[in-house]
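One structure is given below, encoded as structure tokens.
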Amino acid sequence: MNGEASGKNIIMVGAGLVGSLLSIYLQKRGNQVTLVEKRPDMRLAGSIGGRSINLALSNRGWRALKETGVAAQVEKLAIPMKGRMMHDPEGKLTFQPYGKEGQAIFSVSRAGLNQLLMNEAEQCGVNIYFNQDCESINFEETIVFAKNNKNKTTQAFKGDVIIGTDGAFSVVRETIMKSGRFNYSQSYIDHGYKELSIPPTKATAFALEPNALHIWPRGRFMLIALPNADRSFTCTLFLPFEGEDSFSALKSEKAIMDFFRSTFPDALPLIPALLDDYFRNPTSSLVTVKCYPWVKGNTLILGDASHAIVPFYGQGMNSGFEDCYLLNKMIDTHRGNWKEILARFQAVRKPDTDAIADLAIQNFLEMRDKVADENFLLRKRIEGRLNELYPQKWIPLYSMVTFSDIGYARAMAVGKRQEAIMDEVMTKENIRDTWQQLDFDEIVQKLTTD
Ligand SMILES: Cc1cc2nc3c(=O)[nH]c(=O)nc-3n(C[C@H](O)[C@H](O)[C@H](O)COP(=O)(O)OP(=O)(O)OC[C@H]3O[C@@H](n4cnc5c(N)ncnc54)[C@H](O)[C@@H]3O)c2cc1C
């Protein structure tokens with residue numbers, strides 16, 4: 001296993017977003033990649049439903065897409081969202097930019113992106129086997145055993161390296177876990193989510209401003225909407241599972257309509273199929289998975305398989321794509337010595353993925369609650385000014401996570417320091433009227449001196 005950065009036979013489990021992208025990286029390096037995917041080929045007619053589900057793509061994701069040469073194609077699918085558009089209970093709108101002029105996150109169709117990556121992977125020479133459900137692994141011999149969902153036969157895929165990119169409920173991870181000395185935690189939040197749809201208007205236009213991520217923040221819960229290329233929006237309703245204003249409380253047509261009428265009055269007329277969507281679409285749960293080690297022999301888990309996070313920072317896929325970028329760098333650094341690559345990769349990456357898992361939970365509180373708060377908006381304005389004056393020294397946490405490649409753990413540590421400084425600034429008397437006269441130089445110095 002030493003010495004060669006190419007020429008390996010690599011078996012990957014899971015042709016989702018991360019697996020498909022990583023297969024391109026590895027195949028382009030001169031390895032032979034085999035992707036084993038349990039679902040049917042989503043590119044074949046009838047395989048995907050009519051619903052459009054989208055994701056926010058940002059800097060870390062783009063970096064990997066650029067490096068693999070697919071960014072230009074993805075750009076055609078992507079709609080820039082320059083900031084949050086908040087909808088208050090009276091329907092009043094407030095726009096809050098995500099970053100500086102010219103910075104945006106991008107709404108991309110999950111299925112469209114996955115299909116594009118699979119096409120590219122196959123064009124590079126990756127072999128994708130569909131309907132193959134990985135059931136077990138022989139770590140010593142580096143063999144994946146998968147059951148064909150159609151004819152129920154089991155096939156063995158033997159390689160030099162195995163990579164599990166089989167998502168939050170990874171079987172590869174489960175198999176490593178069974179082999180012992182494996183730390184694992186999973187925690188569900190009290191909230192679940194349900195997808196709803198805002199179709200285009202009768203004049204086939206977007207029903208809302210397309211270049212924004214729309215949020216209806218309501219304290220314990222929220223609704224968000226991201227634009228699609230077909231001019232619809234996919235909405236996601238985040239509600240607690242239990243209690244007042246929860247999925248368990250909203251069971252009847254009347255309860256749902258009353259809830260939307262009183263809570264999201266401006267969204268209600270835009271969702272004509274609300275009841276159909278509500279009853280037809282599943283209520284899904286949201287989990288954080290942390291585990292370690294990610295390596296067993298020559299087998300590695302990566303993407304959601306090793307670090308599934310809640311979606312509130314829009315970083316699940318982006319962090320998985322960053323995994324691919326970093327793994328590729330390590331293949332260069334360690335000149336194809338996979339033992340070293342795998343050991344080093346997990347050691348370097350783990351603190352960062354733990355950090356983004358915690359930041360994602362933290363951002364849930366911010367999105368559903370604080371974004372509607374006057375003090376929070378003032379804080380953001382002051383931080384924006386600090387960033388304008390000292391662009392290298394004061395980068396707001398959201399920007400470090402979304403628009404930079406600073407490690408997540410470092411971003412979190414700097415963010416905590418900034419938060420403490422801003423807590424102090426916000427206690428200044430009459431801050432609302434006097435913030436423009438603050439000594440910004442003194443504030444920024446505190447980042448390094450205290
Ligand atoms: C509601 C919601 C919104 C989100 N929004 C964002 C966002 O805006 N931005 C963002 O960056 N991230 C977002 N995410 C996170 C993102 O969806 C995931 O991080 C990303 O899909 C992880 O990719 P993956 O390839 O690791 O796993 P997956 O996308 O889950 O792919 C896993 C693949 O493995 C296959 N598989 C599973 N088991 C087996 C098996 N036994 N054998 C063979 N194949 C198998 C599956 O069929 C699938 O194709 C969101 C997640 C949710 C739930």
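Each ligand, and each atom within it, is numbered from 1 in the order the structure gives.
- Relative to the ring axis of Y398, R84 places its NZ or CZ within 45° and under 6.0 Å from the centre.
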Starting from the N and O atoms of ligand 1, find every protein N or O within less than 3.5 Å and list the pair with its distance.
| residue | atom | partner | partner atom | Å |
| --- | --- | --- | --- | --- |
| ligand 1 | 8 (O) | A56 | N | 2.7 |
| ligand 1 | 9 (N) | A56 | O | 3.0 |
| ligand 1 | 9 (N) | G314 | O | 3.3 |
| ligand 1 | 11 (O) | G314 | O | 3.2 |
| ligand 1 | 11 (O) | G316 | N | 3.4 |
| ligand 1 | 11 (O) | M317 | N | 2.9 |
| ligand 1 | 11 (O) | N318 | N | 3.1 |
| ligand 1 | 11 (O) | N318 | ND2 | 3.0 |
| ligand 1 | 12 (N) | G316 | N | 3.4 |
| ligand 1 | 12 (N) | M317 | N | 3.0 |
| ligand 1 | 17 (O) | R110 | NH1 | 3.4 |
| ligand 1 | 17 (O) | R110 | NH2 | 2.4 |
| ligand 1 | 19 (O) | D304 | OD1 | 2.8 |
| ligand 1 | 19 (O) | D304 | OD2 | 3.4 |
| ligand 1 | 19 (O) | G316 | O | 3.4 |
| ligand 1 | 19 (O) | M317 | N | 3.1 |
| ligand 1 | 21 (O) | R110 | NH1 | 3.1 |
| ligand 1 | 25 (O) | L17 | N | 3.4 |
| ligand 1 | 25 (O) | V18 | N | 2.9 |
| ligand 1 | 26 (O) | D304 | N | 3.0 |
| ligand 1 | 41 (N) | D133 | OD1 | 3.0 |
| ligand 1 | 41 (N) | C134 | O | 3.3 |
| ligand 1 | 42 (N) | C134 | N | 2.9 |
| ligand 1 | 44 (N) | K38 | N | 3.1 |
| ligand 1 | 47 (O) | E37 | OE2 | 2.6 |
| ligand 1 | 47 (O) | R39 | NE | 3.3 |
| ligand 1 | 49 (O) | E37 | OE1 | 2.7 |
| ligand 1 | 49 (O) | E37 | OE2 | 3.2 |
| ligand 1 | 49 (O) | R39 | NH2 | 2.9 |

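- A donor-acceptor pair is defined here as one N or O able to donate and one able to accept, closer than 3.5 Å; such a pair exists between the side chain of N211 and the backbone of P80.
- With sequence neighbours excluded, the residues that form a salt bridge (charged side-chain N to carboxylate O under 4.0 Å, His left out) with R63 are E322, D405.
- Because its NZ or CZ atom is both nearer than 6.0 Å to the ring centre of Y325 and within 45° of the ring axis, K329 counts as a cation-pi partner of that residue.
- Here the straight-line distance linking atom CH2 of W216 with atom OG1 of T263 works out to 13.0 Å at 0.5 Å rounding.
- Looking at Y278, its side chain does come within 3.5 Å of a backbone N or O of L250 through a donor-acceptor pair.
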